[in-house]
Q: 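My structure is below; once you've seen it, I'll send some questions.
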Amino acid sequence: MTIKELVKQNPTGIIAKAYALAEKAHADQKRKTGEPYLNHPLATAGTLNDWHLDEATIAAGLLHDTVEDTSVPLETVKKEFGEEIAFLVDGVTKLGRIKYRGAENKVENLRKMILAISEDLRVVLIKLADRLHNMRTLQALPPVKQKRVAMETDEIYAPLAYRLGMHDLSGELEDLAFPYLHPQEYRWLLATTKEQYQSRLAYLEKMKPQVKKLLEEHDLKPHDIEIRAKRYASLYKKLLRRDMDIGKIHDLVAMRVIMETIPECYAALGVIHEAWPPVPRRIKDYIAMPKPNGYRSLHTTVIGPGDKTIEFQIRTKEMHDENEFGVAAHWLYDQNRRGERISGKKMAEEITWVQQLKNWQERFFGKEKDPEELIRAMKIDFFRDRIFAVTPRGDVIDLPRGATPVDFAYHIHSIVGNSCAGAKVNGTLTPLDHPLRSGDVVEIIVQKGKKPSEDWLRFVKTDIARDHIKLALREKNAFAQTAKAPTHTELKITVETRVGLIKDISTAIARQHFTIMHFNTDHPKGGRFQFYHIEVSTTDKTKIEKLVVKLKKIKEVREISYKFA
Ligand code: MN
């Protein structure tokens, strides 16, 4: 059902209400393509509807550009549509402020930051639906912008969709970005493969009824048989691995056979192999051994009529759905493969994340569909303890909750940390102990020759910052100490005096082999106690402690304190 149909079906519902506001707010706006702006939120909401999302998400999809691009304040959305929809719209607006400009190796953190800022997976899903339509209409933008948006899509949003298990969407986003990122290769691919694509398509279309008939003759009733052309972006990646030889690509166009059960999948494979000889080493059982990203299917290539190859993908409906929009991709596997070292603590965090995504999907696609449970499952709380702040260049710094600009500075580089003199957060001068929030843009003001302050140890949250501060302070102190290291100890002893007490105390000191450098007494008027001030020739703490124990054994000694000088 389209959004317009949904509106007609329930003209007083929340979707109809959102539609009306979007229509009004975007009334005078046009897209760069020349069409009415409303088409964009309409397409976004339509995609969300195709993904079977809830009414609030579809309504938020309709409203997602009203706060940013028109004069409708968030307060109005809140008043008219309630907290939930306002929260979703606000989340998408915040994500819109993140711009990726190719900041080297921090893309992984940027993807995490998007999830952390979203707080709710539905925000990410609205953003993905929004991006899908923007990519489909990208030709209308000026070339510089095309390139930036395509790169962001290819490096941030397509992998994000993949991690959420939305393999089909991920592939489509990559495919839409491909012509803008690699225009020459795209043109070459189009010219080289066009004929082949067309003849392959025609051949498989002709084979389709034959395959159906063959299976039915063996009492196998396929749920569906689809013909799928390989996407250009993934074809190009594959060609790079196959010496750019199009003859080596067997799955340019494949036939997808969807069966009801797993035994039926294997039975279908047998029937197909009986009818046409399989190509050696082209049989892959991803049902018994799923791909690390969770992909499940049987693959085989056979020699069909006219000595032409046919690639088959055989799977159940459930696997089919999962492969399109299903099981969470294995984040850990990906990171390990790229050779990134992850610490034990980080590993635990990653596992929680992957686990939570899986739980989310199980609940979302599983049988149990309690709506409240579903919404709870959408909460992104796997980054509860992390924040993601950005440098003005767009590098994302991943920090623990409560981290400050000083932590941020030390995570850029110890030199930046040590010479940190101030910080601007989102363009405003901010105290160095101010806790940062996800999405903050942090600019560190450095001053040459500046040294860390001991005070920083009070508020920094990361070990990296703490260790570097201590190291820098030690260096500073070592320098100061060589100038005037302590040479002796000053003792202050409170006593109730008696004849011979001074002698007893001096003897105890002498027994520890200390020289008394100075000794004076003072007796406050009318007081019961006297104070002895004694300087001894040591700065050894253990020896002094020993002396203190000995002195305390003298009955008239009431209290002893000491300091090095
Ligand atoms: Mn939009």
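Worth knowing before you read on, the calculation uses all heavy atoms, side chains too, and leaves out hydrogens, waters and symmetry mates. Computed from a predicted model, the values in this text were never measured in an experiment. Every number for a ligand or one of its atoms is a count from 1 in the order of the listing.
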Q: May I have all residue pairs that pass side chain to side chain donor-acceptor pair (under 3.5 Å) and include part of residues 32-50, sequence neighbours excluded?
A: T33-E35, E35-N39, Y37-D65, Y37-D69, H40-H64, H40-D65, H40-D130, H40-H133
Q: Ignoring waters, how many N, O or S atoms from the protein are under 2.8 Å from the Mn ion (ligand 1)?
A: 4
Q: Only pairs at least two apart or in different chains count here, so list each side chain to side chain donor-acceptor pair (under 3.5 Å) that has a residue in residues 178-192.
A: none
Q: Within 45° of the axis and under 6.0 Å from the centre of the six-membered ring of Y19, does NZ or CZ of K4 qualify?
A: no
Q: Report the residues that fulfil salt bridge (Lys or Arg N to Asp or Glu O under 4.0 Å) with K24, sequence neighbours left out, ordered by chain and then residue number.
A: none
Q: Can you tell me if R231 has over 12 outside heavy atoms packed within less than 6.0 Å of its CZ?
A: yes
Q: Using only heavy-atom distances, determine whether the side chains of R31 and N134 contain a donor-acceptor pair under 3.5 Å.
A: yes
